[in-house]
Number of protein chains: 2
Amino acid sequence: MSRLPETGAVQRLIDTLSLSDQVQHYLLDALTSGRLRPGDRINEAELARTLGISRNPVREAVSGLAQRGFLVSAPRRGHFLRRFTRQDVDDVFSFRICVESFAIRQALPRMRRPDHDDLARLVERMIAAARAGRLAELHQADMALHRRICELSGNRQTLRAHEGIDTEVQMLIAYVDLEREPPLHSALAHLPVVEALASGDVERSVTAMQHHLETTWAFVHRMYGRTGRGEPLIDAGDVPPSQVRRIRG
Amino acid sequence: MSRLPETGAVQRLIDTLSLSDQVQHYLLDALTSGRLRPGDRINEAELARTLGISRNPVREAVSGLAQRGFLVSAPRRGHFLRRFTRQDVDDVFSFRICVESFAIRQALPRMRRPDHDDLARLVERMIAAARAGRLAELHQADMALHRRICELSGNRQTLRAHEGIDTEVQMLIAYVDLEREPPLHSALAHLPVVEALASGDVERSVTAMQHHLETTWAFVHRMYGRTGRGEPLIDAGDVPPSQVRRIRG
DNA sequence: AAACTGTCCACTGTCTGCAGTTTTAGTATT
DNA sequence: AATACTAAAACTGCAGACAGTGGACAGTTT
């Protein structure tokens, strides 16, 4: 059985992802799509059975998501989807403004004509999608736009940070299936940003982006009950159901 | 035997971390202390034997570190400690400035007298350590100071991002065992930051911090060979040794 | 009725074993 | 001697299994 020379290369294209990675994507999709809801428990064995694989890849995937902060782990009890408080919303969005502003500052001086065209196309796609009522595509192009700006910054740390934020934002808006901004409004909101970028004016671009993000922030913020900006910083939101264990009095 | 009210807290001290977590700490220490050098391969089986445990916990730990970006994984070939380029240094430090400036902006309005005292004590400890030549303690207090500011910001995203940056910085400076800044100079450099914070002036504080970080940046930057800010963004530094595989023919 | 105790079940954390791939060492060939 | 080829060794990725822990429930006691 002479192994073909290309086998290696072909393989690399086919089986690119390990089972663990596939499980992670599966879970991330479940998380960001709202199929899994905050507080939900991840049952490793059951998930393994469902996917028809052993528990090892599942464990690696789940443990990775926990380390990245998307799940909370309770030793010997399992992993749970995070709960979110109003403070989490504020933390994520304020930090997001910080990161994306920084991305613009680094990206703009490096951007060339085709890059600007890229962004413009994305906005056009958003508008078209919004008009046609294709919300999924609108949402996807939205993320792509923000991500692209971070890519253009050329700063890997920025891009990495943005990935985390992005996932978190999706989780935030997934489980309050919100009447969000009117789609078209949401699409048009990106226009000033791209135009400012095209003008080459850094400060104007940053301001435009900040304004856009603050608007989104406000929409999401409104969905979350009063959970206390002023509350103690106890990691409260994260306790799984029955961990509310009585402190005997 | 009536359980004492503190039982919960005590438990948390007693019940040992999972093996995976212990392995991760072990590896993180190896990474940041420079005991493992860039390009080094992690041999799961060997590590498991060394620690006297099975490969599963090791795999989970390694996989987690890879997902957090501290190791690079080559499918079916193993995990390797990242290599760093000059661009990595620039990315990390410019982003660090972004994050810590943001941390100051959020932290300062929330800081009270005891918080300022905390920071002041840390600087004193640094100076004392520097004078006494206790470099490890100096280094530790240094990290604690920066971390404390992020904690005081009350923003979990900021704190999380800082943890990643912090680890990366330690890896950066661990493997070029550099003749760094003179210890005392390094300690004293934090004084303006803490003083500015105490004055309550946000902009002055941010400026002081930026200046401090830029100085450190310059020191580290100097250690790294010319690898090209202008080079393509190919993830080049990360290819493990023998991946330079011959293209037959 | 409330609280405590003991038992049972489900699940996590960990271990051992196997298959397929990559790497390496050794051998043959030019 | 250097290169191409081959066979063995090593390692990763995954599967299956076991032991110990935590949670739920029922029975008992105050």
Side-chain angles (χ1 to χ4, degrees), chain A residues 1-24 40-67 71-80 239-249, chain B residues 1-3 7-8 11-12 14-24 40-67 71-80 239-249:
Chain A
M1 61 189 92
S2 64
R3 299 183 203 138
L4 300 175
E6 314 82 345
T7 311
V10 172
Q11 283 258 353
R12 191 146 306 177
L13 290 178
I14 294 176
D15 72 5
T16 42
L17 278 74
S18 69
L19 285 186
S20 321
D21 291 336
Q22 294 184 48
V23 175
Q24 249 202 19
D40 278 2
R41 177 181 194 154
I42 309 259
N43 185 329
E44 294 176 3
E46 184 188 327
L47 184 54
R49 273 194 304 274
T50 304
L51 300 177
I53 59 178
S54 86
R55 272 183 50 219
N56 268 1
V58 174
R59 273 188 69 79
E60 284 176 27
V62 169
S63 140
L65 292 178
Q67 288 183 42
L71 302 174
V72 295
S73 81
R76 302 205 175 271
R77 301 211 312 115
H79 293 83
F80 301 79
V239 287
S242 65
Q243 183 172 339
V244 187
R245 59 178 47 159
R246 200 149 323 205
I247 308 269
R248 50 210 301 109
Chain B
M1 65 182 69
S2 62
R3 298 188 205 132
T7 310
Q11 278 260 355
R12 197 144 300 176
I14 292 177
D15 84 356
T16 172
L17 284 84
S18 71
L19 287 184
S20 321
D21 291 336
Q22 293 184 50
V23 174
Q24 250 203 17
D40 279 1
R41 174 183 197 153
I42 309 259
N43 185 329
E44 294 176 3
E46 184 187 328
L47 183 55
R49 275 195 302 276
T50 304
L51 300 177
I53 60 179
S54 87
R55 275 181 45 221
N56 266 4
V58 174
R59 274 187 68 79
E60 284 177 27
V62 169
S63 145
L65 291 177
Q67 288 183 43
L71 302 174
V72 295
S73 80
R76 302 208 171 267
R77 302 213 310 117
H79 293 83
F80 301 79
V239 287
S242 64
Q243 183 169 339
V244 188
R245 67 175 39 161
R246 199 146 326 200
I247 309 270
R248 54 201 303 108

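Within every chain, numbering begins at 1; the chains are lettered A, B, ... in the order of the sequence lines, protein sequences first and strands thereafter.
A donor-acceptor pair under 3.5 Å is formed between the side chain of A/Gln22 and the backbone N or O of A/Leu17.
Minimum atom distance to the side chain of A/Leu19 is reached by D/dC14, of the listed C/dT12, C/dT21, D/dC14. Candidate nucleotides C/dT12, D/dC14, C/dT21 were compared by shortest atom distance to the side chain of A/Pro57, and D/dC14 ranks first.
A/Glu46 contributes atom CD, which lies 10.0 Å from atom CG of A/Leu51 (distance to the nearest 0.5 angstrom). Here CD of A/Gln24 is found 8.5 Å from OG of A/Ser18. Values are rounded to the nearest 0.5 Å. Of the inter-residue distances, the one linking A/Asn43 atom CG with A/Arg49 atom CZ reads 6.5 Å to the nearest 0.5 angstrom.
With hydrogens and angles ignored, a donor-acceptor pair closer than 3.5 Å exists between the side chain of A/Arg55 and the base of C/dG13.
If you take CZ of A/Phe80 and C1' of C/dC11, they are 11 Å apart, rounded to a whole angstrom. As a whole-Å value, the separation of B/Asn56 CG from C/dG17 P is 13 Å. Going from atom CD1 of A/Ile53 over to atom P of D/dG16 covers 11 Å, rounded to whole Å. Rounded to a whole Å, the CG atom of A/Leu17 is 12 Å from the P atom of D/dG13.
In terms of heavy atoms, A/Ala61 sits closest to A/Ser20 at CB-O, 3.5 Å.
Considering only side-chain N and O atoms, B/Ser54 lies under 4.0 angstrom from the phosphate OP1 or OP2 of C/dC15. At the phosphate of C/dG13, OP1 or OP2 sits under 4.0 Å from a side-chain N or O atom of A/Arg59. At least one side-chain nitrogen or oxygen of A/Ser20 sits closer than 4.0 Å to the OP1 or OP2 atom of D/dC14.
When side chains are defined from C-beta on, B/His79 counts as touching B/Glu44, because their heavy atoms get closer than 4.5 Å. Between A/Leu65 and A/Ile42, every side-chain heavy-atom pair lies at or beyond the 4.5 Å cut-off.
If you check residues 42-51 of chain B against DNA chain D, the residues with a heavy atom closer than 4.0 Å are B/Ile42, B/Asn43, B/Glu44, B/Ala45, listed by number.
Where A/Arg76 and B/Arg41 each meet DNA chain D at their nearest nucleotide, the meeting point lying more 5' is that of B/Arg41.
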